[in-house]
Amino acid sequence: MQGLLPDLDVIRKDFPILERTLAGGAPLVYLDSANTSQKPQVVIDTMVDHLERHNANIARAMHQLGAESTEAYEGARDKVAAFLNAPSRNEVVFTKNATEALNLLARTIELGPGDNVVITEMEHHSNIVSWQLACERSGAELRWFGLTDDGRLDLTDADRLVDEHTKVVAFTWVSNMLGTINPVADLAARARAVGAYSVVDASQAAPQLAVDVQEVGCDFLVFTGHKVCGPTGIGVLWGREELLNELPPFHGGGEMIETVTMARSTFARAPHRFEAGTPPIVEAIGLGCAVDYLAHIGLDAIHAHEQAITAYALEGLQSVPGLTVLGPLDATQRGGAISFELDGVHPHDIAQVLDSRGVAVRAGHHCAKPAHARFGVQSSTRMSSYLYTTPAEIDALVEALHHTRSYFKVDR
Amino acid sequence: MQGLLPDLDVIRKDFPILERTLAGGAPLVYLDSANTSQKPQVVIDTMVDHLERHNANIARAMHQLGAESTEAYEGARDKVAAFLNAPSRNEVVFTKNATEALNLLARTIELGPGDNVVITEMEHHSNIVSWQLACERSGAELRWFGLTDDGRLDLTDADRLVDEHTKVVAFTWVSNMLGTINPVADLAARARAVGAYSVVDASQAAPQLAVDVQEVGCDFLVFTGHKVCGPTGIGVLWGREELLNELPPFHGGGEMIETVTMARSTFARAPHRFEAGTPPIVEAIGLGCAVDYLAHIGLDAIHAHEQAITAYALEGLQSVPGLTVLGPLDATQRGGAISFELDGVHPHDIAQVLDSRGVAVRAGHHCAKPAHARFGVQSSTRMSSYLYTTPAEIDALVEALHHTRSYFKVDR
Amino acid sequence: MSTDLDALYQEIILDHYKNPHHKGLRGDPSSAGTAEVHHVNPTCGDEVTLRVHLAEGPDGPVVEDVSYDSVGCSISQASASVLTDLVIGKPVGDAMAIHQTFLELMQGKGQVEPDEDVLEDGIAFAGVAKFPARVKCALLSWMAWKDATTQATTEGASS
Amino acid sequence: MSTDLDALYQEIILDHYKNPHHKGLRGDPSSAGTAEVHHVNPTCGDEVTLRVHLAEGPDGPVVEDVSYDSVGCSISQASASVLTDLVIGKPVGDAMAIHQTFLELMQGKGQVEPDEDVLEDGIAFAGVAKFPARVKCALLSWMAWKDATTQATTEGASS
Ligand SMILES: Cc1ncc(COP(=O)(O)O)c(C=O)c1O
Ligand SMILES: Cc1ncc(COP(=O)(O)O)c(C=O)c1O
């Protein structure tokens with residue numbers, strides 16, 4: 001098959017969990033990577049080495065362990081800056097996850113009555129509810145791009161939606177439900193044209209596309225560590241340096257201050273301004289290692305692999321009678337998450353039968369209820385691949401789906 | 001020496017980093033545990049086992065790995081609930097650190113002009129700046145308890161400070177600078193008497209005292225994972241269940257919702273209400289293991305050990321000419337962090353000379369600038385012990401302090 | 001594997017799923033002793049709208065009728081169907097006891113022996129207790145019923 | 001170990017620490033060409049208040065005087081003392097070049113060879129560059145000086 005990673009066997013050996021067997025001796029077929037990715041040994045080992053040999057608090061500690069820990073943590077910031085092609089390391093703020101990064105923006109960007117925020121109907125709940133709450137607090141209006149029947153953004157109304165009162169245009173790069181890849185540079189330009197901030201949710205893009213914030217031309221971009229082979233507990237907010245320094249502080253606490261008296265305080269500049277308290281140190285170090293791992297394999301190669309697997313999966317899925325894929329059908333126009341419906345079997349029941357054969361997929365609304373509602377479905381089943389996914393695993397999925405139909409006697 | 005942990009040698013073997021040697025072959029003498037604690041092997045191994053064998057997203061994933069991961073994560077919640085003697089597991093909210101937990105409260109407790117918030121002059125910046133920002137946003141007034149010359153809360157004005165307009169009384173259980181142990185149950189009762197919320201910062205208490213939220217009688221209590229032998233990236237907010245369910249949501253995103261439409265959303269009950277997005281899964285699991293480890297050794301035994309070491313250290317420090325301890329001098333009345341000044345040598349320079357002998361202490365304001373200002377000092381040197389600290393390490397510290405004086409020729 | 005799966009998807013469950021009893025909302029939602037609730041499983045989006053009508057019996061209130069509309073998986077659908085069979089016509093106190101027995105079965109991690117005398121077709125859900133992710137599915141309509149019944153009772157009491 | 005320590009705490013540094021030059025604020029803060037700044041090291045709380053007075057020289061502005069008040073460790077105190085020795089009386093352009101050279105030395109992780117002709121006593125700080133936590137101490141007053149000088153220059157330009 002064209003486009004697969006050449007050393008797929010070797011890459012799979014990097015991921016210890018892929019050797020696991022499940023109940024009944026079934027080997028693990030992990031097709032839930034859009035939910036969270038598996039972790040390569042090198043990321044785990046880097047974290048262990050830090051905890052066993054270098055653990056100390058950062059910045060505040062002046063001893064040797066403190067210096068080592070600080071260097072490792074700040075080194076991770078350099079790695080993430082390189083991963084995003086950020087003009088400055090000061091633009092990389094470590095957060096807990098993508099959700100916190102989005103909420104940080106929704107809490108600190110000033111909004112008021114008369115302003116509006118534009119999102120899209122295919123956002124993850126994190127990029128919806130954060131802005132709903134911000135609009136409720138401030139009296140700003142929430143607007144959104146609708147979707148076309150084939151699962152793309154409906155831009156026909158764009159000039160009316162994004163207007164001179166728009167303060168923020170926030171959108172996902174790759175949909176976690178539909179797989180759609182959005183025209184992020186165009187959307188960022190549209191925001192810029194009216195003087196609004198553009199916020200790109202790259203949670204599903206960062207794992208599988210080369211991200212270059214300068215090329216996208218956006219103001220802010222977020223992603224989450226656990227989907228790019230890093231640990232949980234770490235996310236990234238990238239923002240243009242001058243914009244970050246204009247925002248008011250988010251949380252108050254250690255490390256984000258310049259000076260503190262009982263009556264008032266002054267604050268550090270970005271990135272520390274937004275990193276109150278002891279940050280997720282070992283998690284940032286794990287993430288730094290993870291993005292280096294991905295860069296070493298090459299994001300372009302990973303993207304090609306994802307596209308090859310996705311094309312193969314789309315083909316295989318369509319061989320299952322009664323199966324409907326939600327979202328674009330052209331693999332080159334989409335990411336590696338494929339949601340689908342199967343006539344006569346509820347997603348929970350599909351996932352359950354698949355699981356009994358070791359095939360792990362997600363069933364539900366995937367934190368994208370509005371996108372499901374748009375297509376008139378309550379929930380769906382989603383398979384999602386990653387750099388360690390093999391065509392044989394897709395075969396196992398397709399076979400398990402045929403089995404599901406017969407288990408639930410759908411044809412009778 | 002009375003009170004030391006009986007199996008101190010065995011306990012030290014649990015902490016791999018204690019075997020480290022530093023530049024010049026000096027063995028590590030880690031006396032910076034109030035800044036962050038070291039991690040026992042069992043915590044590291046538990047995290048590794050999760051990452052290598054059970055990693056999956058929680059709640060949303062219905063497959064076997066998802067069930068294992070969810071069970072481990074929710075199991076950690078049970079362990080933390082037991083650690084705090086919480087009436088219900090639903091009262092344990094996982095946060096990023098103590099700072100986030102305090103900011104969550106400062107963002108969600110409703111305040112307005114005419115209201116006041118009462119803190120103390122010995123708080124960590126996290127319990128100062130969070131409320132300063134909340135008061136600035138809302139127009140509420142910030143008040144604080146001052147300190148007596150021997151480093152205790154000055155309660156003479158208490159009836160005037162905490163009045164019928166008080167909405168929150170927030171205070172630390174153990175000071176991270178002065179070591180002072182505060183009368184938390186009394187303070188909580190005082191808050192209750194005027195209908196205010198009590199918020200206890202147990203960041204320095206949880207590592208070394210048995211914490212029983214029912215005994216304290218407070219409304220909210222926070223602590224941070226990395227100081228109780230757990231990893232970074234995880235903290236805990238405990239709150240009375242009915243109060244948590246009355247608070248509005250904090251961050252918007254996945255897992256904290258009940259249902260979402262583009263126009264509006266409804267929210268889950270605590271704890272999920274406050275856990276937006278993918279939580280720090282492996283970190284919570286590490287923390288669960290850590291609190292079990294501490295409980296296994298016994299918090300009372302750990303407390304006795306800390307008191308024995310602290311008494312020994314106070315005695316040793318006072319043998320150093322020109323050294324002044326800040327805070328209470330009676331070991332039974334204080335925690336294990338001891339800040340001090342040394343005539344003629346700046347804390348940075350002390351820490352540097354100590355570090356050249358492998359002795360790791362903290363120098364600076366320890367995120368407690370107002371408490372330093374109260375005692376007219378810019379910064380101080382702080383030693384802090386933990387369950388793995390030996391009397392010999394205290395001897396090494398004291399000897400290194402004598403050496404510091406001679407290195408800087410203080411007597412001449 | 002497929003034994004476990006068969007323990008989950010017992011014939012009784014699949015039958016109720018294909019032919020659910022008492023499905024479709026009935027009666028006047030605004031009549032006395034009636035309460036309607038809407039419950040959601042936040043994880044998967046399954047929903048149920050459930051209506052309870054209580055009547056005064058000789059020894060206290062009786063569950064006169066239960067009806068519902070729902071979207072969901074086989075487990076949640078079958079469970080709603082079994083629920084209605086079990087509680088319609090029962091005194092509220094007895095129905096609440098059945099609820100408690102079903103709850104205990106579901107939360108028993110597969111260690112509780114189901115009581116056929118009390119649960120009838122509900123014993124088929126014993127296998128579900130071994131799948132923690134599915135317990136919520138089985139309980140969705142039961143929790144909705146309890147909520148609605150409590151509301152209808154309190155309303156009755158206060159009126 | 002103590003070799004490293006001695007490389008950090010060179011005699012020159014300890015001398016400047018014990019007898020700092022130009023310490024104590026001087027001159028009229030509101031006079032033309034004068035700027036005063038207050039800088040803090042957020043980590044440790046060390047502070048400096050530094051005042052710069054620029055004068056017009058034949059070939060552009062000249063650093064007429066620098067004075068300061070400060071609290072801090074030996075490295076930050078000695079560094080302020082050395083700074084004043086180096087820049088007072090120099091044309092602003094030359095002084096900025098010295099600043100740049102010192103900055104490069106400090107950020108060089110111990111790999112940069114110090115130029116005694118430019119840095120004079122400042123070469124004693126070469127050892128500091130090996131202690132990342134202390135680089136901020138050495139740079140505190142230098143950053144404050146640059147800030148104040150830039151302010152004084154812009155003010156001059158705009159008036
Ligand atoms: C008393 C006290 N409160 C709060 C904190 C903040 O903890 P964290 O930095 O983990 O949020 C600390 C430790 O730094 C502390 O000692
Ligand atoms: C598109 C998108 N945005 C945001 C998120 C939220 O990420 P996290 O849960 O790590 O905060 C996710 C993943 O769950 C996602 O797929």
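Labels below follow one simple rule: chain letters A, B, ... track the order of the sequence lines, proteins then strands, and each chain is numbered from 1. Only this structure's heavy atoms are used, side chains among them; waters, hydrogens and symmetry mates stay out. Note that the coordinates shown come from a computational prediction; the quantities given were computed from them, not determined experimentally.
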K.L.:
Yes or no on side chain to side chain contact (heavy atoms under 4.5 Å, CB included) for B:S265 and A:H125, after CA distance, side-chain angles and deciding distance?
P.N.:
CA-CA 10 Å; B:S265 305; A:H125 292 165; over 6 Å; no
K.L.:
Does any part of the side chain of B:I119, heavy atoms only, come nearer than 4.5 Å to the side chain of A:M262, both counted from C-beta?
P.N.:
yes
K.L.:
Which pair of heavy atoms, one from A:G253 and one from B:T99, lies closest together, and at what distance?
P.N.:
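So the minimum-distance heavy-atom pair works out to CA-CG2, 4.1 Å.
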K.L.:
Walk me through whether B:M62 and A:D355 qualify under side chain to side chain contact (heavy atoms under 4.5 Å, CB included).
P.N.:
CA-CA 8 Å; B:M62 314 193 73; A:D355 184 52; over 6 Å; no
K.L.:
What option among A:E52, A:K369, A:E121 has the most heavy-atom pairs under 4.5 Å with chain B?
P.N.:
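Heavy-atom pairs under 4.5 Å are most numerous for A:E52.
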K.L.:
Do A:V129 and B:F267 have side chains that approach each other closer than 4.5 Å (heavy atoms only, starting at C-beta)?
P.N.:
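Yes - at least one pair of side-chain heavy atoms lies under 4.5 Å apart.
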K.L.:
What option among B:L104, B:T261, B:L354 has the most heavy-atom pairs under 4.5 Å with chain A?
P.N.:
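So the answer, after comparing B:L104, B:T261, B:L354, is B:T261.
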K.L.:
Heavy-atom cut-off 4.5 Å, strictly under: side chain, backbone, both or neither for B:Q41 against chain A?
P.N.:
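Just its side chain gets close to chain A.
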K.L.:
Show the numbers, then the answer: is there a side chain to side chain contact (heavy atoms under 4.5 Å, CB included) between A:L22 and B:L65?
P.N.:
CA-CA 9 Å; A:L22 300 169; B:L65 292 183; 4.3 Å; yes
K.L.:
Centre-to-centre under 6.0 Å for B:Y30 and A:H54, is that the case here?
P.N.:
no
K.L.:
Which is it for B:H226 and A:N57 under the side chain to side chain contact (heavy atoms under 4.5 Å, CB included) test, yes or no, and what are the steps along the way?
P.N.:
CA-CA 9 Å; B:H226 66 93; A:N57 213 322; 3.8 Å; yes
K.L.:
Taking side chain as everything from C-beta outward and backbone as N, CA, C, O, which of these in B:R264 sits under 4.5 Å from a heavy atom of chain A? Side chain, backbone, both or neither.
P.N.:
backbone
K.L.:
Compare all side-chain heavy atoms of A:H251 with those of B:S130 and state whether any distance is below 4.5 angstrom.
P.N.:
no
K.L.:
Which atom names give the shortest non-hydrogen contact between B:R107 and A:P249, and what distance separates them?
P.N.:
NH2-O, 4.2 Å
K.L.:
Find out whether A:M47 and B:P231 are in side-chain contact, i.e. whether some heavy atom of one side chain is under 4.5 Å from a heavy atom of the other.
P.N.:
no
K.L.:
Looking at B:A106, B:A134, B:S126, B:S37, which one has more heavy-atom pairs under 4.5 Å with chain A than the rest?
P.N.:
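Option with the greatest count: B:S126.
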K.L.:
Using a strict 4.0 Å threshold on nitrogen-to-oxygen distance, state whether B:E68 and A:R20 make a salt bridge.
P.N.:
yes
K.L.:
Side chain, backbone, both or neither: which part of A:L28 has a non-hydrogen atom closer than 4.5 Å to chain B?
P.N.:
side chain
K.L.:
CZ of A:R137: more than 12 outside heavy atoms within 6.0 angstrom?
P.N.:
yes
K.L.:
Which bit of A:L51 is near chain B, if near means a heavy-atom gap under 4.5 Å: side chain, backbone, both or neither?
P.N.:
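For A:L51, backbone and side chain are both near chain B.
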K.L.:
In the structure I gave you, are the side-chain heavy atoms of A:P16 and B:R53 within less than 4.5 Å of one another anywhere?
P.N.:
no
K.L.:
Check A:E255 against B:C367 and note the closest heavy-atom contact, atom names and distance.
P.N.:
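Distance-wise, the nearest heavy atoms are OE2-SG, 4.2 Å.
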K.L.:
Does some side-chain heavy atom of B:N55 sit less than 4.5 Å from a side-chain heavy atom of A:T36?
P.N.:
yes
K.L.:
Under a 4.5 Å cutoff for heavy-atom pairs, which residue among A:A263, A:P248, A:A351 has the most contacts with chain B?
P.N.:
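The residue among A:A263, A:P248, A:A351 with the greatest pair count is A:A263.
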K.L.:
Need one label for A:S69: side chain, backbone, both or neither, based on atoms under 4.5 Å from any heavy atom in chain B.
P.N.:
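No part of it gets close to chain B.
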K.L.:
B:T232 versus A:Y73: any side-chain heavy-atom pair under 4.5 Å?
P.N.:
no
